[in-house]
Amino acid sequence: MAQVELRNVRKTYPGSAAEVIKGVDVSVGDGEFLVLLGPSGCGKSTLLRMVAGLESISSGDAVIDGKTVNQLEPKDRNIAMVFQNYALYPHMSVFDNMAYGLKVAGLPKAEIAQRVGEAAEMLELTPYLERKPRALSGGQRQRVAMGRAIVRKPAAFLFDEPLSNLDAKLRTSMRMQIKQLQRRLGVTSLYVTHDQVEAMTLADRIMILNQGVVEQIGTPMEVYSQPASLFVAAFIGAPGMNFMDGTVSGGGHAVTLKTGEVLSLGSGAVASAQDGREVTLGIRPEHFALTPEGDGAHLTLTADYIEQLGADTLVHGKFGTGMLVVRVAGERSVAEGDKLALTATPEHLHLFDRESGRRIG
Amino acid sequence: MERRAIFPNKKLPYLLVAPQMAITLVFFFWPAGQAVRQSLYQEDPFGLSVTFAGLANFHRIFADPNYLYSLQVTFIFAIGVTVMTMIPALLLAALIDRVVKGKLVYQTLLIWPYALAPAVAGILWLFMFNPGMGTLAMLIRSTGYNWDPSLNGTQAMLLVMVSAAWKQVSYNFLFFLAGMQAIPKSFIEAAAIDGAGPMRRFWTIIMPLISPTTFFLLVVNMVYAFFDTFGLIHAVTAGGPGKDTETLVLKVYNDGYVNLNMGGSSAQSVVLMVIVISLTIFQFKYVERRVHYS
Amino acid sequence: MIETRQTGRLIAHFLLIVAVIAMGFPLYYTFIASTHTSSEILSPPLSMLPGSNIAGAYGLALTKGASSAGNVSMTLMLWNSLVMALAIAIGKIVISMLSAYAIVFFRFPLRLVCFWMIFITLMLPVEVRIVPTYQVIVSLGLLDTYAGLTVPLMASATATFLFRQFFLTIPDELVEAARLDGAGAMRFFKDILLPLSRTNIAALFVVTFIYGWTQYLWPLLVTTDPAMGTIIVALKKMVNFSDADTPWDAVMATAILALLPPVAVIVGMQKLFVKGLVETEK
């Protein structure tokens, strides 16, 4: 069990001028589950591989259990990694796959057998120990890869998109297993994914990366309800947040949209000096409310395209020059062409600086 | 061609390539360099002194009617062998691709000559066609035809060509077969539904699709005829009668190893190198295409 | 439609059988000859049925050989050929595998130089450098030695490229997993790469064994002592039409002995052979 820390970590590939990791600082607490989330090419895998020792660190430090590991071989970092394609040794049985690292480390046979046995029990792999990986299903292979990590009793688990080769149903159940296992073993974990559902469900904290820069680190609810930037706001949530251009008005208490409507910020008011500042206003589809016609409604949406998901219904419609998506209860019937009067609860409005994209207030 | 995951060792790789590099340098690069060097020098008949001769050795060999004749012999031989190899091999591959039963048995019985050394292949044919004891030679002579490859250059050429081709058919057959089996069945079926008969399908679908294999084999057979058949010709005719089957490699061997004419044989070696290099480059340019195809 | 297809198939079978007979006839002829006496062989036409001299012919070949080939027994020649073929096959595989491993799994300054040097050997077959190579062998004192017969033929660009091609298909993650498991470069080679290369090694072994066995020019160059020759060179020396005493029965038997081992290898390991042959050319 250990802390994993990154201190101003940077990465530049030899022969290329561009930095792919631009100074990442994060401290992962003992037993914490940190998910590295971001679109492909954002540097999340590179970062994980730098912790593992599979990529060199151009500058800054990786610290595991209080020890700077920059110069250590992967095997000496006391970590275990689960790969996207599992990377099982195709010519070895399940048992040998899990035992290989222990054998290399020179552990006594009896202890190897005991550790592999325990891990197999935990992962329900006991009946398959003699099989070769090709005789296993995708889910079983994934569990062997997990088992290989567990038997080493490492200070930290590193997961590199471990579920992305599985079908949707299996992914959901494996997600649960990973979470339960991690709780039970209490091992510090770093988990890379581009799937926000995985991130939200697994993480104690999520770190969102964009082009080598940390956009935000926070609990799943924090990144959802207090996105630190336009990028985070757009990346988290499905369907994505609606954005509208506007200007701060009313002494910091309201936003005037380009289309003329004025939305009160309520308790989210900003300083009066901000009046006139160009902002982007964000509202999640689920944070609109339908109001009866004429009841001081602030926005009027013309329904254009309806997606009925059962529990709720997504209404896509024209607003001003753009489009908005609104989530309404499933039982509410909406037809194309309907005009909907919408209000947005003030505490669910998000303001971002138009220039920098950072959150205001 | 690059991989991401590598090992960080700095000295180990040198240790790993060392054996191959040592052999390559000592037995390939050094002699090749020597050949080039010697081709530019002239040695007196007693081997006492050498003088720089520039391109004189090359001028000499290309002015030498014997060399030009050998060049001609080599090309006739190479073209003959290539044609006599590829046509039967293609036919056999097409036939075996059509049958369902006994494929493996046929294949086995067709490819075993690959295991023969060219010299042995030639000797087997010599046994049959030698006028002194060959039963087949006797059959030919009984028709009144004067068959004696030890005296008649054309007959000698025919004998080495046929035996060289006979051995090489197996190799060509395997590659044609592999090429045909790589063609998706759906192409053939689509053509059949379009009403194309077997012959038409062969010419309009199969042949164009295996053309990369055909080009590849063309080069391989040229290399085979130029270089690998040394043993065969050496064993069957030793270049004779006269110089009627003396190919370039045989001539280098005779001039340099047997008659110890260093400058001349080195110049011939250099010409041969140029031929191999051209063929190899041609083949590799073409192999690129093969990769795209599959 | 079905009718024509069946007729087509019958024709195909018929033509294939004709081809099989045509391909096999020279072998059959020689085998039949090897069962007859020398005088029977010298008075054609030869009966197309086996004779009764099989023990005499093979016995003579295996014990005494022929005077034109230095009166060495073919047992010794078979042994030399076997040593040569095995040493070349094993040596080639070991050497090419190691260098392919270095080129694929490491980064070192001379990596590309090594790669191109190996590539260029493709363009320098023995046939184009006969005399200077002979001179090297002489100056190293390797004439009439097993080392001289085998070592120079162990460097192989095609085998190196085959391994390189195969190594490139090994997923990066497998290497990384091994590194995380604590395996160093040599351990990875032994525990993971070697077992995964098994089929490729076997296929290459078949092809290189045949390559080694069928060498002709090379043993001709580097051996002068008849006792160091290979069976193929010995066979060529035995085929002597100018000597009335040539024991043709023993010559025929030697021809069969010279071709039997590699033919047996191809027939017995056909699958591996085809794989080895077709893949080295990719």
Side-chain angles (χ1 to χ4, degrees), chain B residues 3-7 9 12-13 16-17 19-21 23-24 26-28 30-32 34-35 92 95-96 98-99 106 108-117 119-120 123-125 127-128 132-135 138 174 178 198 227 230-231 235 249 252-253 256-257 265 269 272-273 276-277 280, chain C residues 8-9 12-13 15-16 19-20 23 26 29-30 33 41-42 44-46 95 98-99 101-102 105-108 114 117 121-125 127-133 136 152 154-155 168 172 175-176 185 210 214 216-217 232 235-236 239 241 255 258-259 262-263 266-267 270 274 277-278:
Chain B
R3 63 181 309 130
R4 181 188 72 205
I6 51 162
F7 289 98
N9 313 45
L12 185 62
L16 295 169
V17 290
Q20 176 132 22
M21 285 301 117
I23 294 175
T24 303
V26 174
F27 296 107
F28 287 75
W30 173 251
Q34 284 296 95
L92 290 174
L95 286 173
I96 212 168
R98 290 204 62 192
V99 303
Y106 285 129
T108 312
L109 292 174
L110 290 172
I111 63 170
W112 66 267
Y114 179 84
L116 266 49
V120 175
I123 287 170
L124 295 192
W125 283 76
F127 289 156
M128 298 188 294
M133 60 184 211
T135 300
M138 201 205 74
L174 277 176
F227 302 100
F230 169 85
V249 175
V252 177
Y253 175 82
Y257 184 77
S265 87
S269 288
L272 284 177
M273 267 183 228
V276 198
I277 290 170
T280 313
Chain C
R9 246 181 228 153
H13 276 289
L15 291 174
L16 282 167
V20 163
M23 294 297 278
Y29 181 91
T30 307
I41 295 167
L42 284 173
L46 192 67
I95 286 171
L98 292 179
S99 51
Y101 184 52
F105 287 94
F106 297 86
R107 293 286 173 276
F108 53 102
C114 290
M117 277 178 63
T121 58
L122 272 185
M123 308 184 195
L124 299 171
E127 287 80 3
V128 309
R129 50 187 170 82
I130 293 175
V131 177
T133 312
V136 171
M154 287 179 188
L168 286 173
D172 282 321
V175 184
E176 294 174 342
I210 289 162
T214 56
Y216 179 79
L217 174 57
I232 290 167
L235 171 66
K236 157 37 174 93
V239 177
F241 292 99
L259 60 78
V263 169
I266 283 198
V267 172
Q270 192 178 171
V274 173
L277 195 67
V278 177

Asks: Between chain B and each of C/A258, C/A12, C/A155, count heavy-atom pairs under 4.5 Å; write down the option with the most.
Replies: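 Among the listed options, the one with the most contacts to chain B is C/A155.
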Asks: Examine whether an atom of B/M273 lies under 4.5 Å from a heavy atom of chain C, and if so say whether it belongs to the side chain, the backbone or both; otherwise answer neither.
Replies: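 Interface part for B/M273: both.
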Asks: What part of B/T108 gets closer than 4.5 Å to chain C, counting heavy atoms only: side chain, backbone, both or neither?
Replies: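 Both the backbone and the side chain of B/T108 come within 4.5 Å of chain C.
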Asks: So what's closer than 4.5 Å to chain B heavy atoms on C/A185: side chain, backbone, both or neither?
Replies: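 Both parts, heavy atoms under 4.5 Å.
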Asks: For C/F106 and C/Y101, take the angle between the two ring planes, folded into 0 to 90°, and tell me which bin it lands in: parallel under 30, tilted 30 to 60, perpendicular over 60.
Replies: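 Perpendicular, since the angle between the ring planes exceeds 60°.
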Asks: With only heavy atoms counted, which part of C/I210 is less than 4.5 Å from chain B, the side chain, the backbone, both or neither?
Replies: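 Contact with chain B is through the side chain of C/I210 alone.
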Asks: Examine distances only and state if a side-chain atom of C/Y29 and a backbone atom of B/T135 form a donor-acceptor pair shorter than 3.5 Å.
Replies: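 Indeed, once roles are kept as given, a pair shorter than 3.5 Å links the two residues.
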Asks: Look at B/F230, B/Y253, B/F227, B/F127 and state which one has the largest set of heavy-atom pairs under 4.5 Å with chain C.
Replies: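 Maximum pair count with chain C is reached by B/F127.
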Asks: What part of C/V263 is in contact with chain B, defined as an atom under 4.5 angstrom from a non-hydrogen atom: side chain, backbone, both or neither?
Replies: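 Looking at C/V263, backbone and side chain both touch chain B.
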Asks: Which answer fits C/P26, side chain, backbone, both or neither, if we ask what part of it has an atom under 4.5 Å from a heavy atom of chain B?
Replies: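 Its backbone and side chain both get close to chain B.
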Asks: With only heavy atoms counted, which part of B/W125 is less than 4.5 Å from chain C, the side chain, the backbone, both or neither?
Replies: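 The side chain, not the backbone.
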Asks: Please identify which of these residues, B/I96, B/V99, B/L95, meets the side chain to side chain contact (heavy atoms under 4.5 Å, CB included) condition with C/L15.
Replies: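 That would be B/L95; it is the only one of B/I96, B/V99, B/L95 passing the side chain to side chain contact (heavy atoms under 4.5 Å, CB included) with C/L15.
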Asks: Taking atom CE of B/M133 and atom CE of B/M128, what is their separation to the nearest 0.5 Å?
Replies: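 Here the rounded value is 11.0 Å.
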Asks: Please state whether the side chain, the backbone, both or neither of C/I266 comes within less than 4.5 Å of a heavy atom of chain B.
Replies: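 Side chain only.
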Asks: Does C/R129 reach the main-chain N or O of B/A35 with its side chain, forming a donor-acceptor pair under 3.5 Å?
Replies: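 No.
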